[in-house]
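A short write-up of the structure that comes next.
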Amino acid sequence: MTLELFDVNAMIGPLANEPDGIDSARLLRTMDSFGIAEAVVGHLWSVAYDLRTGNHRLLADIAGQPRLRPCWVVLPDTCGELGGTSRFVSEALEAGVVAFRAFPSTHGYRLASADCSDLLGALGEGGLPLLVDMQETSWPEIEAVAHEHAQLQIVACAVGYRALRQIAGVLSRTDNVSVDLSNLSTHLGLEWLAARHGAGRLIFGTGLPHRDPADAVTRLRWSELGADELAAVASSNLRRLLPARRAGRS
Amino acid sequence: MTDLLRDAVLDGAPLRDVSVVDAHAHLGSYGRFFIPDPAEATMVRLMDRCGVSQAVMSSCLAFAHDAKAGNDATAQALEAYPKRFLGYVVVNPHQAIESELSRFSGHPGMVGVKLHPEVHQYPLTGPAYEAVWDHADRTRQPVLIHTSSDSRFNNLEQLARIASEHPAVRLIAGHAGGSRVGFAQAIGVAGQYPNIYLEICGSFATCRWIERMVTALGADRVLYGSDFPFIDLRYSIGRVVFAELELEDRLAVLGGSMRRLLTPASEAGFGELWRAGGCGHN
């Protein structure tokens, strides 16, 4: 059956532990081979090298590729790296960025902290979702941020197969947290969460290039979800979180 | 270009006319994390959903607490689904290994032995496992071993030492080392010792690592496993289906290679053996 897949969780750039990384052309080829229509994409330079350089490199690398939607990496502006939080968010919106992504552990800060309060408030006001890999933070921090910033939509990525007890608790006490499929790998976890919390809390994501799109694609295609739930998880839940495309922007 | 395996996944249809043998499955609940509905009937339903023919399972109860009670549960599952499940006898070096192995001697569905040195906090190279190597040498049954590159109980160096000391024993490296570092080490030791087979389940394997394993070792040395019902059945199978490998090699990884390791039980099918001669289990 035809199923539109929209990947919330992809990045491009070179990898330090592989001979080759993934550029936008290779990402598109990979997406084609798995039947993925669109992807929200960040740049790996923003993670381990320099946030601003990576974010702008991303815009250049995916320019003219309407299937790739830009996602900027963020961190708290305690050292002035963003050049002002409000200005940074405005710049992102002007550039057509559709989501933000945080790496609290890698970048050495706590998400649920006073350091991040202004940043997360600004992201919520900007109306764009925040993606966070669960190796980078904790479920109590996700819940604290979700409560403090009710406008902010949070997508918890790569949640693993041992976390359902915490996921279920946080989903039951919040309405602005979703979970991606890149490593939602507990036996029947996808169907169980959909039945208990609604398929609207679940979003297709691959985790490229660190994870393999085979995981999430196979998991979803062979799921036991009904057709409406399947379509929601595959793409429409994410579309609901993202801003509409602006006229004239590719 | 059509592809028997990839087209099935992308169509949401089960694999058909393909023999898929899951070399690394489990049975039952596991207290460390919540598993929705790990019942055997549910496992079979998911196997049907994907087109998995058989799964070789070991009991979580057996390695977490009580080998005897857990292995009995495995035997009951094999009795309930003789065409779909095969079993590993789990042995615990702190419990009675030899009696547990002899209890299932001749059982047509118990086709191998499972070791989990990490859980049992006992090194793979320890003397208590000598009975396992003797058993495996005598019966030709494979031994599935949990491996992890960062473990002091079941790392790849320890596996290599056992492979060297027991060249006739067929050793399945469960999780193939479990991480990027472990995958590389596992390929290295399997290249050195032809009695090591790599099983690919876990959180970190990718199509690319499976391609590297098959390229380095040949598809007959690489085995599909899922780890379900820990990890969902539908994760690691996709890594084989979508790997950039010839169809023949992917079919070998999905089932052909394991089937060769499991002779004679899986060739006849446990159900047929069961009906023909009884299980011999006491």
Side-chain angles (χ1 to χ4, degrees), chain A residues 1-3 5 15-20 22 29-30 32-36 135 158-169 181-196 206-225 227 230 234, chain B residues 1 3 5-15 25-26 29-30 32-39 42-43 45-52 179-181 184 201-212 226-244:
Chain A
M1 65 176 282
T2 302
L3 187 68
L5 294 173
L15 293 162
N17 55 6
E18 284 285 349
D20 52 352
I22 183 167
R29 287 197 301 276
T30 302
D32 287 340
S33 68
F34 286 94
I36 299 170
Q135 298 93 322
V159 298
Y161 69 97
R162 293 172 176 249
L164 274 190
R165 289 177 180 135
Q166 292 189 83
I167 296 171
L181 266 59
S182 62
N183 192 20
L184 174 57
S185 48
T186 311
H187 167 72
L188 279 172
L190 171 63
E191 290 82 358
W192 187 83
L193 286 173
R196 191 179 168 107
T206 63
L208 268 166
H210 296 296
R211 303 199 65 83
D212 203 299
D215 289 6
V217 169
T218 307
R219 180 66 184 88
L220 186 63
R221 293 280 187 171
W222 273 346
S223 76
E224 297 182 306
L225 299 179
L230 199 57
Chain B
M1 192 166 62
D3 183 283
L5 305 178
R6 293 170 192 150
D7 291 351
V9 173
L10 295 178
D11 288 343
L15 302 178
H26 292 293
S29 298
Y30 197 53
R32 292 176 188 271
F33 50 91
F34 175 65
I35 303 173
D37 195 3
T42 305
M43 293 174 70
R45 187 185 81 217
L46 293 183
M47 290 163 68
D48 289 341
R49 177 74 184 91
C50 306
V52 174
S179 64
R180 303 174 63 88
V181 172
C201 76
S203 295
F204 303 108
T206 59
C207 295
R208 184 173 240 195
W209 276 108
I210 294 168
E211 292 156 13
R212 287 169 175 161
S226 70
D227 216 8
F228 100 127
F230 280 13
I231 295 175
D232 193 274
L233 182 64
R234 292 155 285 196
Y235 273 82
S236 86
I237 191 170
R239 299 167 189 161
V240 183
V241 166
F242 287 99
E244 294 293 332

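Chain identifiers are assigned alphabetically (A, B, ...) following the order of the sequence lines, protein sequences preceding nucleic acid strands; residue numbering begins at 1 within each chain.
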Contact leader toward chain B among [options], where contacts are heavy-atom pairs under 4.5 Å:
| options | value |
| --- | --- |
| A:S185, A:P213, A:A163, A:A158 | A:S185 |
| A:S223, A:G35, A:A216 | A:S223 |
| A:L164, A:V217, A:N183, A:N17 | A:N17 |

Item to check | Per-residue contact mode, A:S182 against chain B (heavy atom under 4.5 angstrom) | outcome: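 Contact with chain B: backbone only.
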Checklist entry - What part of A:L190 gets closer than 4.5 Å to chain B, counting heavy atoms only: side chain, backbone, both or neither? => result neither
What part of [X] gets within 4.5 angstrom of chain A, counting heavy atoms only: side chain, backbone, both, or neither?
| X | answer |
| --- | --- |
| B:F228 | side chain |
| B:I210 | neither |
| B:T42 | side chain |
| B:A243 | neither |

Heavy-atom pair with the smallest gap, counting every atom of [X] and [Y]:
| X | Y | result |
| --- | --- | --- |
| A:W222 | B:I237 | CZ3-CG2, 3.7 Å |
| A:R219 | B:R234 | NH1-CZ, 3.1 Å |
| A:L225 | A:A194 | CD2-CB, 3.7 Å |

Item to check | All salt bridge (Lys or Arg N to Asp or Glu O under 4.0 Å) counterparts of B:D3, not counting sequence neighbours | outcome: B:R6, B:R250
Item to check | By salt bridge (Lys or Arg N to Asp or Glu O under 4.0 Å) - contacts of B:R212 (at least two apart) | outcome: A:E18
Next on the checklist: Out of B:D227, B:L46, B:V241, B:L233, return the one with the most heavy atom pairs under 4.5 angstrom to chain A.
Outcome noted: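 Among B:D227, B:L46, B:V241, B:L233, the one with the most close pairs to chain A is B:L46.
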Next on the checklist: Under the side-chain hydrogen bond (donor to acceptor under 3.5 Å, both in side chains) test against B:R239, which residue among A:D212, A:D215, A:T218 passes?
Outcome noted: A:D215
Item to check | More than 12 heavy atoms from other groups under 6.0 Å of OH on B:Y30 | outcome: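 Counting other residues, nucleotides and ligands, OH of B:Y30 exceeds 12 neighbours.
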